[in-house]
Amino acid sequence: MFNSSRLSTFPIWEVACTAVLLYAAWMVAKGVYNWYFHPLAKFPGPRWASFSPWWKINLEVLQGRNLTDELFRLHAMYGDVVRIGPNELHFAKPNVYHEIYNPHNRWSRDPSLYHVFSISESLLTIMEYPRAKKRKDILQPLFSRKAIIRMQHLIQDMANRMCHNMEEHSRNKTSVDILRAYKCFSLDGITSFCFGTSMNATDAPDFEAPVGEAMHASLPIEPFLKHFPFVKNSLELFPAWVVSTVQPQLSGLMDLREALRNQVKETVAHPEILEQAEHPTIFNNLLDVKDGGRPPSLINLRDEALLMVFAGTDTSSTALTIGTMHILDRPDIHRKLNEELLQVWPNLSDRPTYEALDNLPYLKAVIKESLRLSSGVWSPMTRIVPREGAQIDGHFIPGNTAVGISNLFVHLNANIFPNPHTFEPNRWLQSKDADSESLDHWLVAFSKGPRSCLGLNLGWCQLVLGFANVFRRFQLELDNVNASQMHWQECYIPHYTGPELKIAATPRVS
Ligand code: HEM
């Protein structure tokens with residue numbers, strides 16, 4: 001029988017206090033070890049950063065600041081290598097980028113950064129290289145340049161739908177929120193390309209598509225979930241409707257999750273759907289298992305699909321937005337781009353091919369400059385040094401250390417890119433003598449090495465068709481906002497937090 005008197009005599013407070021004290025003592029002992037005896041003890045950096053992970057939690061979660069802003073300050077104080085965690089180093093010299101992210105380094109991803117992106121495994125979140133390579137080899141053929149050229153009509157179709165919605169704005173005499181427009185364009189392009197079904201976001205009035213809005217709303221939670229993974233895992237335990245009721249701004253995201261889960265379920269139950277589809281999707285590749293291997297689980301397939309959406313939507317739309325805002329701020333660049341587009345696209349009712357547009361040198365320079373200033377991922381993409389250790393920037397780095405360098409340290413380096421904060425496409429056109437290094441070597445928005453972007457060709461195609469369609473088909477003017485007012489927060493990728501980016505877009509007649 002239940003004995004309540006036994007419970008009342010159980011010293012619950014004493015046990016709790018002892019547990020807290022033991023935890024605190026363990027933290028202090030570990031902190032002291034980290035300061036004085038850890039293999040990274042000789043590397044400079046803020047004292048509390050090496051003591052415990054709470055230095056980063058305080059900066060990113062409690063103060064809500066960008067780690068990369070702090071990194072620029074720290075490197076100015078401490079030099080080229082800074083210890084920014086008990087087990088983490090950040091480097092500042094651009095050439096170190098190619099020491100860490102290069103084809104020969106098969107280093108694992110750092111789970112403490114990447115675990116946040118999915119509950120099961122997807123290409124981005126498989127930490128070890130050999131298993132990631134297997135998954136990448138399966139998906140790669142779908143994302144080759146040849147495949148993108150073959151399926152360019154899918155992206156052009158989304159560009160048409162975005163332009164129709166912009167025309168609607170013009171008829172209603174309202175300006176277009178260009179960030180939202182590009183997000184919808186990228187989202188629809190990726191979902192239609194990867195899964196064979198579009199989310200129809202480009203058709204949403206004012207480009208306010210629930211899925212796009214939900215993705216935008218969910219991103220600022222990333223720094224918190226990164227440090228407190230159990231919260232992310234417990235979100236998965238609740239049905240979608242519960243999460244949507246408690247957090248209504250996440251309802252679009254839950255819808256997307258459900259839609260992809262149902263699609264995956266349907267596809268697995270009826271694989272003949274794949275044969276009937278108009279074009280191959282990631283599911284054709286993932287479910288086509290050879291050599292007696294096992295296909296990924298349902299949840300695994302859903303997470304792979306979700307990650308495609310997250311990896312490709314914001315990265316492409318941020319580059320398009322940053323480029324567009326800067327071009328409209330600079331009449332000389334705007335004029336030059338329009339003149340070039342007019343040459344290959346003289347008749348407005350034609351649609352030049354992706355290959356023809358991709359051959360335009362000035363458009364290419366505009367895209368590279370947009371990628372440079374948007375930079376793909378902002379947070380240092382940490383990798384784990386193999387057990388035997390490695391030489392980086394002339395230092396011996398012990399095995400199992402997390403190392404990284406943010407893309408921003410390459411793209412904003414004034415020696416490589418003079419006046420780095422200025423949008424200057426011409427810098428990509430200046431001829432170089434045969435011996436000098438091409439500037440392309442320093443364009444790292446898609447990262448480098450074996451874990452670099454799978455969707456590079458698709459992303460590039462979205463930029464080419466996005467810029468070409470918007471600038472050729474519309475006369476554009478900034479509506480009471482300019483490029484210097486843009487504001488971005490680091491949530492692994494840049495997340496927009498500034499004023500609405502409104503553009504008056506009038507359809508051209510010829
Ligand atoms: C302008 C557009 C894009 C940029 C700048 C970009 C940038 C990047 C970067 C920097 C990484 C490395 C991330 C890391 O190591 O932490 C990455 C990886 C990845 N990206 Fe992209 N991306 C773009 C578009 C896309 C698109 C359209 C897709 C697919 C739909 C995509 C899918 C992926 C995937 C699956 C990975 C993981 C690759 C691996 O682990 O091997 N990306 N991307």
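Order of appearance sets the numbers: ligands from 1, and atoms from 1 within every ligand. The structure displayed is predicted, hence computed values, not measured ones.
- Between R383 and ligand 1 there is a heavy-atom distance shorter than 4.0 Å.
- In S122, neither the side chain nor the backbone holds a heavy atom less than 4.0 Å from any atom of ligand 1.
- Of all atoms in ligand 1, listed by their number and element, those nearer than 4.0 Å to a heavy atom of Y492 are 13 (C), 14 (C), 16 (O).
- Not one N or O of N407 is nearer than 3.5 Å to an N or O of ligand 1, by distance alone.
- Environment of NZ in K502: crowded, with over 12 heavy atoms of neighbouring residues, nucleotides or ligands closer than 6.0 Å.
- Listed by first and then second residue, the salt bridge (Lys or Arg N to Asp or Glu O under 4.0 Å) pairs involving residues 454-469 amount to none (not counting sequence neighbours).
- Within a 6.0 Å radius of NE2 in H487, other residues, nucleotides and ligands contribute 12 heavy atoms or fewer.
- Note on ligand 1: W460 sits outside its first shell, no heavy atom being nearer than 4.0 Å.
- The atoms of ligand 1 that sit less than 4.0 Å from any heavy atom of V377 are 10 (C).
- Close approach of ligand 1 to S316 (heavy-atom distance below 4.0 Å) involves ligand atoms 1 (C), 2 (C).
- In this structure, the ring of Y354 has its center no less than 6.0 angstrom from the ring center of W460.
- Distances from ligand 1 to the non-hydrogen atoms of A445 include at least one value under 4.0 Å.
- Residue S452 places a heavy atom under 4.0 Å from ligand 1.
- With hydrogens and angles ignored, the 3.5 Å screen pairs a side-chain donor or acceptor of D188 with a backbone N or O of N200.
- Between Q462 and ligand 1, no N or O atom pair is found at a separation short of 3.5 Å.
- No donor-acceptor pair closer than 3.5 Å links the side chain of E222 to the backbone N or O of V116.
- Under the 6.0 Å cut-off for aromatic ring centres, F207 and F185 do not qualify, their centroids lying 6.0 Å or more apart.
- Shown here is W54, whose CH2 atom has no more than 12 heavy atoms of other residues, nucleotides or ligands within 6.0 Å.
- Of all atoms in ligand 1, numbered sequentially from 1 with element shown, those under 4.0 Å from a heavy atom of L124 are 37 (C), 40 (O).
- Taking all heavy atoms of M308, K133, Q140, E304 into account, the minimum distance to atom 30 (C) of ligand 1 is reached by M308.
- No part of F193 comes within 4.0 Å of ligand 1, judged by heavy-atom distances.
- Proximity of the aromatic rings of Y97 and F91 is defined here by a centroid distance below 6.0 angstrom, and this criterion is not met.
- Note that R372 lies in the cation-pi zone of F417, set by a 6.0 Å cut-off to the ring centre and a 45° limit from the axis.
- Residue-ligand proximity, R451 to ligand 1, at heavy-atom distances under 4.0 Å covers atoms 12 (C), 15 (O), 39 (C), 40 (O), 41 (O).
- Within the protein, the N, O or S atoms sitting under 2.8 Å from atom 21 (Fe) of ligand 1 are C453 SG.
- With hydrogens and angles disregarded, a donor-acceptor distance shorter than 3.5 Å links the side chain of R109 to the backbone of L124.
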